[in-house]
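Here it is: the structure, laid out below.
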Amino acid sequence: MSLRDILFVTSEVHPFIKTGGLADVSGSLPVALRALRRDVRIVLPAYRAALQRARNTVEMTQFSVHGSDTPVTIREGRLPGTRVVVWFVDSPPHFDRPGGPYTDEEGRDWPDNAQRFTVFSRAVEKIACGEAGLAWRPELVHCNDWQSGLVPALLALRGERPATVFTIHNLAYQGLFSWDVFQTLHLPQTLWSMHAMEFYGQFSFIKGGIVFADMINTVSPNYAREITTPEFGCGLQDLLASRKDRLVGILNGADYSQWNPAKDPHLVKTYNAFTLEHKAANKAALQDRFHLPREPKTPLIGLIGRLVEQKGFDLLLAVLPQLLQRQVQVVVLGSGDKSLEDRLKRATVEYPRQVSAHIGYDESLAHLIEGGADMFLMPSRYEPCGLNQIYSLRYGTLPIVRRTGGLANTVIDATEENIANRTATGVVFDDATPQALLQAVDRALALYRQPRLWKKILFNGMQQDFSWRRSARQYLQLYQRALQIKD
Ligand code: ADP
């Protein structure tokens with residue numbers, strides 16, 4: 001019998017709440033699985049902002065969870081535009097507050113994150129075991145990142161349980177808490193063991209997923225290999241290597257219903273691979289939006305992302321004066337570390353005709369950058385999958401990326417050989433240094449100056465298919481293996 005009922009556990013889902021790629025995955029993969037005739041239900045904390053966006057939710061059931069005085073209510077909604085059920089775990093003391101899913105409005109971690117995601121995981125455990133009064137019980141529970149890492153651990157302590165899969169979207173975020181915090185969580189003491197969730201004197205939520213899930217995956221084949229090495233393993237490399245037979249990489253898909261230049265409502269002019277000249281109108285609009293002079297011929301480089309060390313924005317800043325001698329324009333959309341934000345702001349003041357930044361989160365602007373920029377730069381130090389390079393390919397915006405993680409799995413370097421055999425889709429560079437970044441941009445600029453070749457490479461990129469359908473099939477295979485291993 002093939003698997004049908006899947007509970008998808010996540011701490012963010014586009015369009016309800018988003019801080020990064022996990023939200024995109026959570027908003028797309030369940031839909032793709034449903035198209036493959038699976039009954040997938042999403043479970044998400046009922047953050048205030050998420051409930052506001054969900055509007056008409058229906059109260060389904062209420063129950064108590066171990067370790068919390070307040071009962072939990074499950075509210076049911078639908079993923080907009082789909083029939084996928086979303087269950088919001090409503091525990092007002094934990095989730096009904098302003099700010100983001102993990103941090104307050106100032107960007108500081110909520111001091112009770114361990115309690116918040118323990119309550120969430122306890123509620124998920126009850127749903128997973130058919131004890132929540134929902135008249136539905138999954139055969140498999142798919143957990144994502146540290147916020148739901150506790151779920152496979154709690155389920156492993158059960159006799160009767162569904163199979164479990166744990167996906168690592170970013171190993172660097174582990175959910176580490178002290179012994180004192182652990183004591184407040186009312187969890188079985190057996191979990192505080194180096195063979196369970198203790199990690200060098202701290203309680204590690206992500207270890208719950210890695211140690212106890214039947215199968216584990218990351219979001220690209222390359223990152224799955226990288227995290228078993230000291231350079232990328234964040235201290236967990238040996239554990240991950242010991243579970244190599246259960247660890248696979250499945251590339252994230254792109255949601256082409258949202259990210260398609262032929263239908264994108266955020267563009268001033270839509271286009272496809274045969275009407276690339278219409279990108280010019282979007283470039284002009286982008287230059288206007290960023291208060292840069294309208295210069296149709298000046299190469300325009302876009303960057304979007306969380307302003308954190310991982311993403312390598314500092315490499316760009318280190319080389320900016322030399323880069324700008326090349327007569328390019330640079331637009332940046334992002335928010336994060338204050339020092340990076342400040343350095344970017346200073347650059348915009350120093351080079352007002354060439355550099356502009358929007359500090360903040362703006363979905364619509366992200367689309368216009370993809371549509372209007374000529375090149376898209378991702379100098380990440382590590383990148384589990386990365387989505388913007390995949391969007392860039394579809395938008396005919398040449399990706400310039402470091403050869404790491406999912407970037408290396410999705411962009412094919414414009415070497416002479418790859419150009420000749422028509423597989424080249426972007427520029428890929430090796431070292432995480434300002435100089436290597438500059439050389440990569442120079443290579444991209446050399447291609448830009450050869451319009452016919454440039455168009456061919458963009459055309460190759462636009463033909464690439466990273467739709468969710470293929471990845472969803474791979475997830476189904478992963479689920480089957482998890483079911484077999486559990487039995
Ligand atoms: P990560 O999950 O590490 O943040 P990904 O590339 O996997 O990186 O996903 C990031 C997603 O978030 C992309 O869809 C990207 O467009 C979006 N994003 C990141 N920062 C911003 C921002 N400031 N404004 C709009 N979208 C953003």
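Residues: numbered from 1 along the sequence shown. When a ligand or atom number is given, it counts from 1 through the structure's own listing order.
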Is it the case that ligand 1 has an N or O less than 3.5 angstrom from some N or O of Lys18?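 Yes.
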Lys/Arg N to Asp/Glu carboxylate O, Arg289 vs Asp362, below 4.0 Å:
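Salt bridge present between Arg289 and Asp362.
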Among all protein non-hydrogen atoms, which one is nearest to atom 22 (C) of ligand 1, and what is the separation to 0.1 Å?
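Nearest neighbour among protein heavy atoms for atom 22 (C) of ligand 1, to 0.1 Å: Tyr361 CD1, 3.4 Å.
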Just jot down the ligand 1 atoms closer than 4.0 angstrom to any heavy atom of Asp24, in number order.
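Per the distance check, 11 (C), 13 (C), 14 (O).
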Legend entry - Closest non-hydrogen atom pair, Glu295 against Thr298: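 Closest approach of Glu295 to Thr298, heavy atoms only: OE1-OG1, 2.6 Å.
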Nearest neighbour in protein (non-hydrogen) for atom 16 (O) of ligand 1:
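Its nearest protein heavy-atom neighbour is Asn388 OD1, 3.1 Å.
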Check your understanding: Hey, which atoms in ligand 1 end up nearer than 4.0 Å to a heavy atom of Gly360?
Key ->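 By the 4.0 Å cutoff, the relevant atoms are 22 (C), 23 (N).
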**Item:** For Ile17 against Ala49, the heavy-atom pair lying closest together
**Value:**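 Where Ile17 meets Ala49 most closely, the heavy atoms are CD1-CB, 4.1 Å.
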Are Phe16 and Phe88 an aromatic pair by the rule of ring centers under 6.0 Å?
->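 Yes, close enough.
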For ligand 1, is there an atom lying under 4.0 Å from some heavy atom of Gln389?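 Flag not set, Gln389 not near ligand 1.
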Checklist line | Atom indices of ligand 1 within 4.0 angstrom of Gly305 heavy atoms, with elements | finding: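 Listed by number with element, the hits are 19 (C), 20 (N).
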Margin query: With the threshold set at under 4.0 angstrom, would you say Gly334 reaches ligand 1 through any of its heavy atoms?
Written below: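 In this structure, Gly334 qualifies as a contact of ligand 1 - some heavy atom is under 4.0 Å.
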Practice task
Would you check if the distance from the ring center of Trp146 to the ring center of Phe117 is below 6.0 Å?
Solution key: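 That pair passes the under 6.0 Å test.
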Query raised in the report: Can you tell me if Tyr395 uses its side chain to pair, donor with acceptor, with the backbone of Ile369 under 3.5 Å?
Result: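 The answer is no, because no donor-acceptor pair under 3.5 Å joins these two groups.
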What class does the angle between the rings of Tyr223 and Tyr382 fall in, given that below 30° is parallel, 30 to 60° is tilted and above 60° is perpendicular?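 Ring orientation, 0 to 90° scale: parallel.
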Item checked: Close N or O approach (Gly21, ligand 1; < 3.5 Å) ->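 There is such a contact, yes.
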Element-labelled atoms of ligand 1 that are located less than 4.0 Å from some non-hydrogen atom of Tyr391:
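Going through ligand 1 atom by atom, the ones under 4.0 Å from Tyr391 are 14 (O).
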**Message:** If you define the side chain from C-beta out and look only at heavy atoms, does anything of Thr270 sit under 4.5 Å from His278?
**Reply:**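 No, their side chains stay 4.5 Å or more apart.
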### ligand 1 contact by Lys311, heavy-atom criterion under 4.0 angstrom
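Lys311: in contact with ligand 1 (<4.0 Å).
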- Closest non-hydrogen protein atom to atom 4 (O) of ligand 1, residue and atom name please, with distance?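 Protein heavy atom with the smallest distance to atom 4 (O) of ligand 1: Arg306 NE, 2.8 Å.
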Point to revise | Nearest-contact summary for atom 5 (P) of ligand 1 - protein heavy atom, Å | key: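 Checking every protein heavy atom, the shortest distance to atom 5 (P) of ligand 1 gives Leu387 N, 3.9 Å.
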Would you say the rings of Phe205 and Phe177 are close, in the sense that their centroids are separated by under 6.0 Å?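 For Phe177 and Phe205, the ring centres are under 6.0 Å apart.
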Taking only heavy atoms of Gly20, which atoms of ligand 1 are found under 4.0 Å from at least one of them?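 Near Gly20, the atoms of ligand 1 are 2 (O), 4 (O).
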- Less than 3.5 Å between some nitrogen or oxygen of Ala366 and one of ligand 1, yes or no?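 Not met; the criterion fails.
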Is the distance between the ring centroids of Trp259 and Phe466 less than 6.0 Å?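 Between Phe466 and Trp259, which both carry aromatic rings, the centre distance is not below 6.0 Å.
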Exercise for the section: Select one of side chain, backbone, both or neither to describe which atoms of Asp362 lie under 4.0 Å from any atom of ligand 1, heavy atoms only. Expected result: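 It is the backbone that gets close, since no side chain atom is under 4.0 Å.
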